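As the structure is a computational prediction, the values presented were derived from the model and not from experiment.
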Amino acid sequence: MSLTRMTTFVGAAVIWGSCAASALAECRTDTVWIRGDFGQARFAVEIADDPEERATGLMNRPSMPTSSGMLFVYPFPQSLSFWMRNTLIELDMLFVDAGGTVRHIHRRAQPLDETPIRGGTGLTHVLEINGGLSDQLGIGVGAQLRHPSFEKGDAVWAC
């Protein structure tokens with residue numbers, strides 16, 4: 001199958017068109033796919049799914065590749081709030097429900113700021129990517145994530 005059009009945008013693969021793009025969206029634990037009105041984007045991710053990993057997150061890192069991120073995974077829906085303590089890079093935080101739908105985006109969280117960033121209630125995941133990338137790619141509330149950590153019965157875009 002061929003793609004109608006494929007473009008690389010600031011290092012993240014973005015795919016447009018009415019083609020078999022979803023066939024390219026294979027499920028791997030080190031990859032998150034996002035789809036929305038803008039098309040699709042892929043990020044290579046590290047997973048933070050235990051208390052220690054979630055507490056450390058992206059702290060003390062001087063940079064992160066553009067097409068990378070960190071996916072925080074929680075065991076049940078809950079209210080989530082983050083901060084930027086010891087985080088040296090600007091981040092966009094995508095707060096996601098159990099089905100994989102983005103419910104809130106905090107854009108351009110400032111390095112080292114300890115002000116709580118509230119994501120809302122009923123959340124199970126947070127995807128952190130480089131600050132400003134959500135706007136550059138056109139990712140908005142309502143976009144959908146695909147990753148094996150979303151339960152098949154709940155996932156809007158299941159693996």
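Side chains of F43 and L133 form a contact here, defined as non-hydrogen atoms less than 4.5 Å apart. Side-chain atoms of V156 and L145, non-hydrogen and from C-beta on, never get closer than 4.5 Å to each other. The closest side-chain heavy-atom distance from L80 to F72 is not below 4.5 Å. Considering only heavy atoms from C-beta on, V96 stays 4.5 Å or farther from T101 through its side chain. Between L88 and L112 the shortest side-chain heavy-atom distance falls below 4.5 Å. M70 has its side chain out of reach of V45: every pair of non-hydrogen atoms, C-beta onward, lies at least 4.5 Å apart. The shortest side-chain heavy-atom distance between Q78 and L123 does not fall under the 4.5 Å cut-off.
The salt bridge (Lys or Arg N to Asp or Glu O under 4.0 Å) contacts involving residues 50-61 comprise E46-R61, where partners must be two or more places apart or lie in separate chains. Sorted by first then second residue, the side-chain hydrogen bond (donor to acceptor under 3.5 Å, both in side chains) pairs that include residues 80-99, not counting sequence neighbours, are R85-E114, E90-R108, E90-Q110, D92-S134, D97-R103.
Between R42 and T31, the shortest heavy-atom contact is CG-CG2, 3.3 Å. The shortest heavy-atom contact between P148 and C159 is N-SG, 3.6 Å. Between G99 and F150 the shortest heavy-atom distance is C-CD2, 4.1 Å. Residues A41 and L137 approach most closely at CB-CD1, 4.2 Å, considering heavy atoms. In this structure, S79 and T121 approach most closely via the heavy-atom pair OG-CG2, 3.1 Å.
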Residue pair L58, L91: steps toward the side chain to side chain contact (heavy atoms under 4.5 Å, CB included) verdict: CA-CA 10 Å; L58 292 169; L91 296 172; 4.0 Å; yes
Derivation of the side chain to side chain contact (heavy atoms under 4.5 Å, CB included) call for W157 and W33: CA-CA 10 Å; W157 189 16; W33 284 87; 3.6 Å; yes
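With 3.5 Å as the limit, one finds a donor-acceptor pair spanning the side chains of S149 and H125. For the residue pair R35 and Q40, no side-chain donor N or O sits within less than 3.5 Å of a side-chain acceptor on the partner.
Atom CG of residue N130 and atom OG of residue S68 lie 8.0 Å apart, to the nearest 0.5 angstrom. To the nearest 0.5 angstrom, I117 atom CD1 is 13.0 Å from R107 atom CZ. Taking CE of M64 as the reference point, atom CD1 of I89 lies at 4.5 Å (rounded to 0.5 Å).
Grouping the Ile, Leu, Val, Met, Phe, Trp and Tyr side chains by contacts below 4.5 angstrom, directly or via other members, places V102 apart from V126. I139 and M93 are assigned to two separate hydrophobic clusters, defined by single-linkage of ILVMFWY side chains at heavy-atom distances under 4.5 Å. Cluster membership check: L127 shares its hydrophobic cluster with I47, using side-chain heavy-atom separations under 4.5 Å among Ile, Leu, Val, Met, Phe, Trp and Tyr. Residue L71 is not grouped with residue Y74 when hydrophobic side chains (ILVMFWY) are merged at heavy-atom distances under 4.5 angstrom, including chains of intermediate members.
Among residues two or more places apart in sequence or in another chain, the side chain to side chain contact (heavy atoms under 4.5 Å, CB included) test is passed with P62 by none.
Counting only distance, with no hydrogens or angles, the side chain of H147 and the backbone of T29 share a donor-acceptor pair below 3.5 Å.
If you look at H106 and F82, their ring centroids are not closer than 6.0 Å.
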